[in-house]
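Report on one structure; see the data block that follows.
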Amino acid sequence: MAEDADLLTIGGHTFTSRFILGSGKYSYDLIDSAINQAKAQIITMALRRTDSAEENILNYIPEGITILPNTSGSTNAEEAIRTARLARELSGSNFIKLEVVPDKKYLMPDNNETVKATEVLANEGFIVMPYVLPDLNVARQLVDAGAATVMPLAAPIGTNKGLATKDLIQILIDEIDVPVIIDAGIGRPSEAAEAMEMGADAIMANTSMATAQNIPLMAEAFRLGVEAGRKAYLAGPGRIIERGAVASSPLTGLSK
Amino acid sequence: MVTVNGEPLAEAAGKNLLTFLQQREAPIDNIVVELNGTIIHRPEYEQTLIKPNDKLELISFVGGGR
């Protein structure tokens, strides 16, 4: 089937889903249904000091789901590299979602440190998925450094403000050959659909579902948005007429 | 003094890592251990002795991301 051939490839691994889930800010009990409704194949999670009292999140992840550890909490390249190495020891896989965020107010990533960390981690065999401000030159540097994807933010983390960086993201989509995955700020399924229509390769979302009234239902809505946007992109959206109008019914044979 | 996840814990000194983790009831299969900045692999736990000024970090996955 044609649909089966539309695969997302990251670091040599293929996925049919283009919707990556986060696991923060909601009950572990809802992870399973969120994954099912989202039909997600990748879920990201963070690393923290072990509190023996806390339940192990891995017990809540269904079989066959790819765990994408992230380096959240890292404020420079060195910390992110350390966290990535710890993550690989825990997960047994090379996937790492690289987040270097020194700014506490706006949670803006440090693109320069992210490039540095990408270079080191890619050389160590990691499948590096860096989170960045959408900047074409930085994105090119990331690809040169060995990044498997580029993950630009649509709006600041956790804000649900949508495609605030739309024009800059479009440049990355047009110019960068590795998958471009929209990583933060997407607040509504319609925005996910819009990003996919633009040609984004996948969407990552967490807060938009975690802060919804019905998390599994919103996960399903996002999945449908992502799928609709992807199909629209593949179909090639129709053109826009800036002025005037074009009839869609025949102009001849009118009965008067 | 030994610190474990940033907390002082003098009584950890002198134990091997495996015994320490077992006595702490740490979820051994689901944590990674870092000793003075170096990852200790699981097979090395028993032969790793905790020394008086060691800095031990026990790390696991938690929900998070966006």
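Sequence lines set the chain letters: A, B, ... in the order given, protein chains first and strands last, and positions in each chain run from 1. In what follows, every heavy atom counts, from backbone to side chain, and hydrogens, waters and symmetry copies are set aside.
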Task: Of A:L58, A:N70, A:I61, the residue whose pairing with B:F61 passes side chain to side chain contact (heavy atoms under 4.5 Å, CB included) - done: A:L58

- [ ] Measure the CD1-CZ distance between B:I59 and A:R82 for me, rounded to the nearest 0.5 Å.
- [x] 5.5 Å

TODO: Assess whether side chain to side chain contact (heavy atoms under 4.5 Å, CB included) is satisfied between B:E7 and A:R49, documenting all intermediate values.
DONE: CA-CA 11 Å; B:E7 301 287 331; A:R49 285 171 165 168; over 6 Å; no

Open item on the list: Which atoms of A:S91 are under 4.5 Å from chain B, going by heavy atoms: the side chain, the backbone, both sets, or neither?
Closed with: both

Task: Greater than 12 external heavy atoms within 6.0 Å of A:E78's CD - done: no

Open item on the list: Tell me whether B:E46 at atom CD has more than 12 heavy atoms from other residues, nucleotides or ligands lying less than 6.0 Å away.
Closed with: no

TODO: Please tell me if the side chains of A:T50 and B:P27 come closer than 4.5 Å, counting only heavy atoms from C-beta onward.
DONE: yes

Task: Heavy-atom pairs under 4.5 Å with chain B, option from A:N59, A:L90, A:I57 with the top count - done: A:L90

Open item on the list: Using a 4.5 angstrom heavy-atom cutoff, name the option from B:G63, B:G6, B:G37 with the most pairs to chain A.
Closed with: B:G63

Open item on the list: Does any backbone or side-chain atom of B:I31 lie under 4.5 Å from a heavy atom of chain A? Answer side chain, backbone, both or neither.
Closed with: both

- [ ] With rounding to the nearest 0.5 Å, note down the distance linking CD1 in B:I40 to CD in A:E89.
- [x] 9.5 Å

Open item on the list: Give me the atom names and distance for the closest heavy-atom approach of B:G64 to A:S23.
Closed with: N-OG, 3.0 Å

Open item on the list: Please classify the contact of A:Y60 with chain B as side chain, backbone, both or neither, using a heavy-atom distance under 4.5 Å.
Closed with: neither

Open item on the list: Could you measure the distance from the CZ atom of A:R48 to the CG atom of B:N5? Nearest 0.5 Å is fine.
Closed with: 12.5 Å

TODO: Flag yes if more than 12 heavy atoms outside A:E79 fall under 6.0 Å of its CD atom; otherwise flag no.
DONE: yes

- [ ] Can you see which heavy atom on A:M45 is nearest to which on B:V62, and at what distance?
- [x] CB-O, 3.3 Å

- [ ] Let me know if A:I43 has heavy atoms under 4.5 Å from chain B in its side chain, its backbone, both or neither.
- [x] neither

Open item on the list: Taking NZ in B:K15 as the centre, count heavy atoms belonging to other residues, nucleotides or ligands within less than 6.0 Å. Is the count above 12?
Closed with: yes

